[in-house]
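Chain letters run A, B, ... following the sequence lines, proteins first and then strands; every chain starts at 1.
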Number of protein chains: 2
Amino acid sequence: MDGPSTQCGLDVSLAVIGGKWKPLILYHLQDGPTRFSEIRRRVGGISEKVLIQQLRELVAMTVLVRHDHHQVPPVVDYALTPFGETLVEALVPLCEWGNRNRAEVAGMLQRSSKAASV
Amino acid sequence: MDGPSTQCGLDVSLAVIGGKWKPLILYHLQDGPTRFSEIRRRVGGISEKVLIQQLRELVAMTVLVRHDHHQVPPVVDYALTPFGETLVEALVPLCEWGNRNRAEVAGMLQRSSKAASV
DNA sequence: GGTAGAACATACCAAAAGGTAAGCGCGAGG
DNA sequence: CCTCGCGCTTACCTTTTGGTATGTTCTACC
């Protein structure tokens with residue numbers, strides 16, 4: 001039942017980084033292992049529920065590893081796996097594209113009255 | 001009101017290629033101007049309503065141009081703009097990543113019982 | 001005449017994604 | 001003792017997204 005859409009790898013990537021937050025989360029994990037609350041602060045605007053959800057999914061895809069320090073109060077951090085790092089690298093051009101065209105895109109979003117805080 | 005998420009360009013890119021279909025559509029337009037019905041066939045699995053919707057948005061973002069041949073029955077085609085081509089280029093690594101890891105990711109999706117026709 | 005196909009529009013619906021709010025066990029700090 | 005913060009969980013609700021079904025205009029084909 002493979003549809004004709006199975007020729008390009010984008011469907012695969014989208015299955016991994018789909019959603020509003022995953023790419024952002026990965027981006028903010030580039031500097032090494034990061035604690036849950038720190039990720040939350042860095043990403044900004046994401047709710048705890050959604051963040052955990054996304055982190056779990058990324059861990060399930062072996063893009064991240066969760067490290068529980070077994071302390072109380074809880075100390076847990078998340079880090080990119082080598083596999084995850086290859087993903088982040090594939091994400092870089094898109095990130096740069098975004099930076100290059102931030103102003104332009106922001107302007108367009110405004111004009112189509114879909115204004116956001118971009 | 002800029003949140004801390006405004007440092008990386010991914011939010012901008014996501015604003016343009018967000019959604020389940022846009023990256024696929026762009027991919028399938030690489031070979032030049034393509035007619036509506038042909039895009040639909042190539043992408044596969046997308047409904048007319050959604051395709052038109054996505055195409056309109058991409059046109060609004062000046063990623064695509066719509067060319068109406070003013071014929072009846074209707075003949076219309078869509079093509080990447082130079083701007084759109086830069087986007088597609090930024091998408092290439094992600095596409096390659098997907099192809100390299102198709103099997104692995106497919107396996108993981110299965111194991112997490114989220115099976116799809118990937 | 002009936003049908004098919006082009007490129008849409010429109011109304012309505014279901015599913016998914018995301019958001020809000022509350023609470024939990026527990027230790028540190030006031 | 002009260003509260004805060006940690007890393008979650010749960011229940012519930014709203015928004016977004018995508019999908020289905022149908023209709024439209026017109027031409028070509030059988």
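- Counting to the nearest Å, the P atom of dG7(D) and the NE2 atom of His69(A) are 10 Å from each other.
- Nearest-nucleotide mapping onto DNA chain D: of Pro74(A) and Gln54(B), the residue sitting toward the 5' end is Pro74(A).
- Remark: C1' of dG7(D) and CD of Glu38(A) are 15 Å apart, rounded to the nearest angstrom.
- Between Gly18(A) and Leu55(B), the one whose closest nucleotide on DNA chain C sits nearer the 5' end is Leu55(B).
- When the side-chain nitrogen and oxygen atoms of Lys20(B) are compared with OP1 and OP2 of dA17(C), none of them lie within a distance under 4.0 Å.
- Rounded to an integer number of Å, the gap from Glu48(A) CD to dC6(D) P is 9 Å.
- Across Thr62(A) and Thr81(A), no two heavy atoms sit closer than the pair O-OG1, 2.7 Å.
- No side-chain heavy atom of Phe83(B) sits less than 4.5 Å from a side-chain heavy atom of Val16(B).
- Contact of the Asp68(A) side chain with the Arg66(A) side chain is registered, since non-hydrogen atoms from C-beta on lie closer than 4.5 Å.
- In this structure, the nucleotide among dC8(D), dG18(C), dA7(C) sitting nearest to the side chain of Arg66(B) is dA7(C).
- Of the candidate nucleotides dC8(C), dC8(D), dG19(C), dC8(D) has the atom lying nearest to any side-chain atom of Val76(A).
- Sequence order on DNA chain C of the closest nucleotides to Val72(A) and Ser47(A) puts Ser47(A) first from the 5' end.
- Side-chain atoms of Leu87(A) and Asn101(B), non-hydrogen and from C-beta on, never get closer than 4.5 Å to each other.
- Using a 4.0 Å cut-off between charged side-chain N and carboxylate O, Asp11(B) and Lys20(A) make no salt bridge.
- Closest approach to the Arg35(A) side chain among dG19(C), dC6(D), dA9(C) is made by dC6(D) (side chain taken as heavy atoms from C-beta onward).
- The side chain of Phe36(B) sits closest to dC8(C) out of dC26(D), dT20(C), dC8(C).
- The distance between atom CH2 of Trp21(A) and atom P of dG18(C), rounded to the nearest whole Å, is 9 Å.
- Rounded to an integer number of Å, the gap from CD1 of Ile39(B) to C1' of dC8(C) is 13 Å.
- To the nearest angstrom, P of dG7(D) lies 9 Å from OH of Tyr78(A).
- Listed nucleotides dG5(C), dG18(C), dG19(D) differ in distance to Pro73(B); the shortest reach to its side chain belongs to dG5(C).
- The base of dG19(C) lies close enough to the side chain of Lys49(A) for a donor and an acceptor atom to sit less than 3.5 Å apart.
- Taking every side-chain heavy atom of Ser37(A) into account, dC6(D) is the closest of dC8(D), dC6(D), dT20(C).
- Residue Ile46(A) contributes atom CD1, which lies 14 Å from atom P of dG7(D) at whole-angstrom precision.
- Taking the side chain of Arg41(B) as heavy atoms from C-beta on, and the options dA6(C), dC8(D), dG27(C), the nearest nucleotide is dA6(C).
- Here Arg40(A) lies out of heavy-atom contact (under 4.0 Å) with every strand.
- Between Ile17(A) and Leu26(A) there is a side-chain heavy-atom pair separated by less than 4.5 Å.
- Per the geometry, CG belonging to Asp68(A) stands 9 Å off C1' belonging to dG7(D), to the nearest Å.
- Considering only the side chain of Ile52(A), dT9(D) comes nearest among dT9(D), dA6(C), dC8(C).
- Among the heavy atoms of the strands, none lies under 4.0 Å from Gln71(B).
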